[in-house]
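In the text below, chain A, chain B and the rest are named by the order of the sequence lines, each starting its count at 1.
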Number of protein chains: 2
Amino acid sequence: MTKILQRNLYREVADRIGDLIEHGELLPGERISEKQLCDRFGVSRTPLREALKVLATEGLIELLPNRGARVVRLTLKNVKDTYDLMAALEGLSGELACQYISDAEIAAIRQLHDTMLEHYRNRDLMPYFQVNRQIHESILAASNNDVLQEMYSNLSQRIKRVRYSKKMTERYWSQAVKDHENMMAALEKRDSQLLGQILRDHLCNKIEVATLAGVIDTEDDKSAANS
Amino acid sequence: MTKILQRNLYREVADRIGDLIEHGELLPGERISEKQLCDRFGVSRTPLREALKVLATEGLIELLPNRGARVVRLTLKNVKDTYDLMAALEGLSGELACQYISDAEIAAIRQLHDTMLEHYRNRDLMPYFQVNRQIHESILAASNNDVLQEMYSNLSQRIKRVRYSKKMTERYWSQAVKDHENMMAALEKRDSQLLGQILRDHLCNKIEVATLAGVIDTEDDKSAANS
DNA sequence: AAAAGTAATTATGAATTCAATATTCCTTTG
DNA sequence: CAAAGGAATATTGAATTCATAATTACTTTT
């Protein structure tokens, strides 16, 4: 069943602006000029403004009445809140996955898991992260809960721009791998409660937040961000 | 019906359309006529179409390219998925609340709790539900996590139109009250793990889903819904 | 020179207009 | 009479235009 992907102009524009934010071409707190983006994308203001409203709903930008739009300025608390939420969603995905996942899907995740261990042994950080991500996505997909997946995806979008390849300390890395060993065991036993618990406690996200402390604003103030 | 002549027109219109959906004036699967709503609200198509796009992002309606918008048709699975998610979010709210809640806030919730028990003893269903809701909202507010609250609010919006005063069986009702006794105890001990667990397992939502089975479509098909 | 007030400019909010796609209704044909 | 085809109509998608609020630049005053 291939999903119908609707390609409206406004959705296209919204995605493009999302990319600009993710890649840092539009900076946090930066005022977004409608005219400038219209020229850049070659569209009129109508679909562009629709895109801005959608992006505001998705939490990537904020609209100030009569004063335009600006990229949301992520605070440390904001990112921490988001990660707490994502951890809870991952926990739920684990619980549900245990109920619905097929033997074949478990086998596929076991494959990924073993591959990840190989990358860990070789200390190949990037491939490790990539496979790690695939594992979590596979569990999420197996949860059989569309609403959950939609919400997780939205949260993921919001913080994409501050996710980066952090330098794992050996200690945290080995702990993360141990977590994954336990996850794999719980999944193969289909122990939903246990898998849920492990995923909620999985410290991967917590490390990221700690590392981010140096990267983004620590203040929570909403005061004007001048361009 | 008062016409709209206000600021943030698109947001106002979106809320009004949300109300129409909630109160059943716009039915699931029903085609939404732009012109009709424009006349009704006394606005042009521009803010109305912006509102439609926002509502689609919020999951209340769906847009079919070149074929207009329609109210999302909630399936039993869809509602169940949403409730599963909300239960997980409530669990997280409980965990976090234990960390951040003040003694005064706990006392206030204790007050609500006792009031609720009184309503239970008198079998006053409506007041019981109302106070029950306040308790859950208070815990959510105490979680100190804005992203969580925003997301919970969105999910709540989506299923508002199928929430109704269901007839509780005595058995389920007494169990729900017992759950609340345990919640209150866990909160007063600030036992975050326990409170989280109780809230996740709290069967209030599960009853609702069971009851809803007779009200909404059981089929999951996406086939055309004619007006 | 600094501050305040005001005109000029620019940007945003919303309505209207133009273009493309879908739907309806009527005619035609087997 | 049913089905197919096509013109007429209605609806949606997007650009443009008009109105209003905000910003800037400039003048005036102290």
- Message: I'd like to check the side-chain hydrogen bond (donor to acceptor under 3.5 Å, both in side chains) partners of B/Gln134; sequence neighbours left out, ordered by chain and number.
- Response: none
- Expressed in angstrom and rounded to an integer, what is the separation of A/Glu12 atom CD from D/dA14 atom C1'? 15 Å
- Round to the nearest Å and state the distance from A/Leu9 atom CG to D/dG13 atom P. 11 Å
- Are A/Arg31 and C/dA11 close enough that a side-chain N or O sits under 4.0 Å from OP1 or OP2? no
- Atom CG of B/Asn8 to atom P of C/dG13: distance rounded to whole Å? 8 Å
- Task: Would you check if the side chain of A/Asn145 reaches a backbone N or O of A/Ser93 as a donor-acceptor pair within less than 3.5 Å?
- Result: no
- Message: Taking side chain to side chain donor-acceptor pair (under 3.5 Å) as the cut-off, I'd like each qualifying pair that reaches into residues 102-111 of chain B, sequence neighbours left out, listed once.
- Response: B/Ser102-B/Glu105, B/Asp103-B/Arg190, B/Arg110-B/Asp114, B/Arg110-B/Glu188
- Item | B/Arg161: partners by side-chain hydrogen bond (donor to acceptor under 3.5 Å, both in side chains), with sequence neighbours left out | none
- With sequence neighbours excluded, what pairs up with A/Asp124 under the side-chain hydrogen bond (donor to acceptor under 3.5 Å, both in side chains) test? none
- Query: What is the distance, rounded to the nearest whole Å, between atom CG of A/Leu64 and atom C1' of D/dT23?
  - Reply: 15 Å
- Please report, rounded to the nearest Å, how far the P atom of D/dT16 is from the CD atom of A/Glu50. 15 Å
- Task: Would you mind classifying the nucleic acid contact of A/Ile32 as base, sugar-phosphate or nothing, using non-hydrogen atoms under 4.0 angstrom?
- Result: sugar-phosphate
- Item | Residues in contact with DNA chain C, drawn from residues 39-49 of chain A - heavy-atom cutoff 4.0 Å | A/Arg45, A/Arg49
- Nearest-angstrom distance from the residue atom CG of A/Asn66 to C1' of D/dA19: 12 Å
- Residue list, side-chain hydrogen bond (donor to acceptor under 3.5 Å, both in side chains) with B/Tyr152, at least two apart or on another chain: B/Glu90
- Could you tell me the separation between the CD atom of B/Glu34 and the P atom of C/dT21, rounded to a whole number of Å? 16 Å
- Query: Please give, in whole Å, the distance from C/dT24 P to B/Arg67 CZ?
  - Reply: 10 Å
